[in-house]
Amino acid sequence: MTISLMRESLKKLISDDLKDAHAGLLMQRGLTEWDKDDKQAKADLIQKIVKIPAPKKDSLYALAFTRWVQATSDTSRFATFAAGISGRLYTGLNSAGALETGISTSHTYGMPLIAGSSVKGIARSHAESLGLDKAHLTVLFGDDSDSGSLKSGALVWHDAWFVPANTPPFAAEIITTHHQDYYNGKQPEADEMESPIPNQQIATQGSFYFVIESAPGAQAWAAYAQNLLFQALQTQGAGSKTASGYGYFTVADNDALGKIKHIQEEQQQALAAQQKAAELAAMPAHQRFIQKWESRFAKQTSLSVNNHEHTKLYEEWKTDLESVTDNPVYSAVEKAEIAKLVDKIRKEHKNWLNNKKRKDALTDILEKLRGE
């Protein structure tokens, strides 16, 4: 018996070529019909999901990921690293809906994620296997045991975000159950006589960005936890089916690492620009003027008289200089300092300023700056 799960008008919206679909929503609501004996609708939907490519640079998820990396770039507060799945990962397999398979995805963006509670559990399991004492475990993970202490730890274990590099986020898998009657308690022993039942599933692939946040003064613990977590991901794995080789991690590939590094470098440049702007704003007017034009001309290695862009630079510089000569904000001493800058630039870019018109204009400005 076939049961329709979706209105006909909505079926048209789910094409075979979905470039930026919400995978989580498709898994929960995308199955068009259900038939106990026919799994073709499920297979078709899984194929649509696994064709969803990695998010593009200007996609909502990529922009959100960029903001998250920027927000966690403070190394005095966050310990971060990227790790790549060495094969494939099952996470959230039990959160099955109509599709009869589950995977943890971001509620907002539909991309894979590893919940912070799972990340914390992976690290804690590994720490306990190493025999860490209770005091250290309490600092790392808190204490919610039956002792009633309810102590919070010094760290916050955030969700791990999928890195929007070049690897598609989803992959089709098949898990085959060989002894269903035995597992269901209908048979006392697995006798190898049962028919295997293949189950279509969705797994995750690619790299994830892990973030551990520390309380003030606990950065050393965050760094320790970072190493502990990476060891756990390498040796213990994450998610389901680790005994079958799923869920093990290694260092992220160059594509994913490059993506994160690029975001971090842009963030550092933006912060440096903000700091420089703040420093300039705090300077006296004549020092701001000198800093501005020293910086502008430091970027010029060769100036040509007939170059249009260079002419625009000259006109802007001349206009700024003329505004100083008649401005009562600048004292005679400050104007003299600006005049020294003009002399310096004239010597460094003599050919560019050797044009008679420019030379005469600068001479007039210098005379006014010096009070001659």
Side-chain angles (χ1 to χ4, degrees), residues 61 63-84 91-92 104-109 111-163 207-239 247 249 251-252 256-257 259-272 274-275 278:
Y61 180 77
L63 294 174
F65 180 81
T66 296
R67 290 194 298 271
W68 178 236
V69 174
Q70 291 173 342
T72 57
S73 62
D74 183 358
T75 55
S76 66
R77 181 180 169 193
F78 299 97
T80 67
F81 69 96
T91 176
S104 295
T105 58
S106 165
H107 177 78
T108 305
Y109 305 105
M111 286 292 105
L113 66 76
I114 305 174
S117 56
S118 296
V119 174
K120 182 178 180 180
I122 293 163
R124 178 159 197 157
S125 175
H126 184 59
E128 290 174 347
S129 71
L130 295 176
L132 264 66
D133 62 53
K134 185 173 178 58
H136 289 170
L137 292 174
T138 300
V139 173
L140 291 168
F141 310 106
D143 182 10
D144 56 358
S145 63
D146 295 336
S147 64
S149 63
L150 298 177
K151 292 180 180 178
S152 61
L155 307 175
V156 178
W157 302 78
H158 288 280
D159 296 342
W161 285 49
F162 175 78
V163 181
S207 299
F208 283 83
Y209 176 68
F210 295 85
V211 175
I212 303 168
E213 184 177 358
S214 64
Q219 175 56 22
W221 283 104
Y224 178 79
Q226 174 185 342
N227 292 329
L228 188 73
L229 176 59
F230 187 55
Q231 290 176 12
L233 293 169
Q234 287 180 301
T235 60
Q236 179 179 304
F249 285 73
V251 176
L257 292 174
K259 173 78 175 179
I260 295 169
K261 183 179 179 181
H262 178 68
I263 295 171
Q264 292 172 334
E265 287 177 346
E266 285 191 334
Q267 173 75 350
Q268 290 170 359
Q269 291 170 3
L271 291 173
Q274 290 176 7
Q275 183 178 357

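We're numbering straight along the sequence, starting at 1.
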Can you name the nearest heavy-atom pair linking [X] to [Y], along with the distance?
| X | Y | result |
| --- | --- | --- |
| Ala127 | Leu137 | CB-CD2, 3.7 Å |
| Ser207 | Gly84 | OG-CA, 3.5 Å |
| Gln226 | Ala79 | OE1-CB, 3.3 Å |
| Ala225 | Leu155 | CB-CD1, 3.5 Å |
| Leu140 | Trp157 | O-NE1, 3.2 Å |
| Phe162 | Pro112 | CB-O, 3.3 Å |

Quiz prompt | From CA spacing to verdict: side chain to side chain contact (heavy atoms under 4.5 Å, CB included), Ile263, Phe65 | solution = CA-CA 9 Å; Ile263 295 171; Phe65 180 81; 4.0 Å; yes

Rounded distance [0.5 Å steps], [atom1] in [X] versus [atom2] in [Y]:
| X | Y | atom1 | atom2 | value |
| --- | --- | --- | --- | --- |
| Thr105 | Leu113 | OG1 | CG | 6.5 Å |
| Glu266 | Gln268 | CD | CD | 11.0 Å |
| Gln231 | Ile122 | CD | CD1 | 14.0 Å |
| Met111 | Phe208 | CE | CZ | 10.5 Å |
| Ile114 | Thr91 | CD1 | OG1 | 6.0 Å |
| Leu132 | Tyr224 | CG | OH | 4.0 Å |

What I'd like to find out is whether the side chain of [X] reaches to under 4.5 Å of the side chain of [Y], using heavy atoms alone.
| X | Y | result |
| --- | --- | --- |
| Val69 | Gln267 | no |
| Trp161 | Tyr61 | yes |
| Leu130 | His136 | no |
| Phe81 | Leu233 | yes |
| Ile212 | Trp221 | no |

Quiz item: Parallel, tilted or perpendicular for Phe78 and His158, by the 30°/60° rule?
Solution: tilted

Practice problem: Compute whether any side-chain donor of one residue and acceptor of the other, for Tyr209 and Thr72, lie under 3.5 angstrom apart. | Solution: yes

Self-check item: Main-chain N/O of Ala115 paired to Asp159 side chain as donor or acceptor, under 3.5 Å
Solution: no

Quiz item: Backbone N or O of Gly121 within a donor-acceptor pair of the Ser125 side chain at under 3.5 Å?
Solution: no

Quiz item: Can you check side chain to side chain contact (heavy atoms under 4.5 Å, CB included) on Gln219 and Ser76, steps first, answer last?
Solution: CA-CA 6 Å; Gln219 175 56 22; Ser76 66; 5.7 Å; no

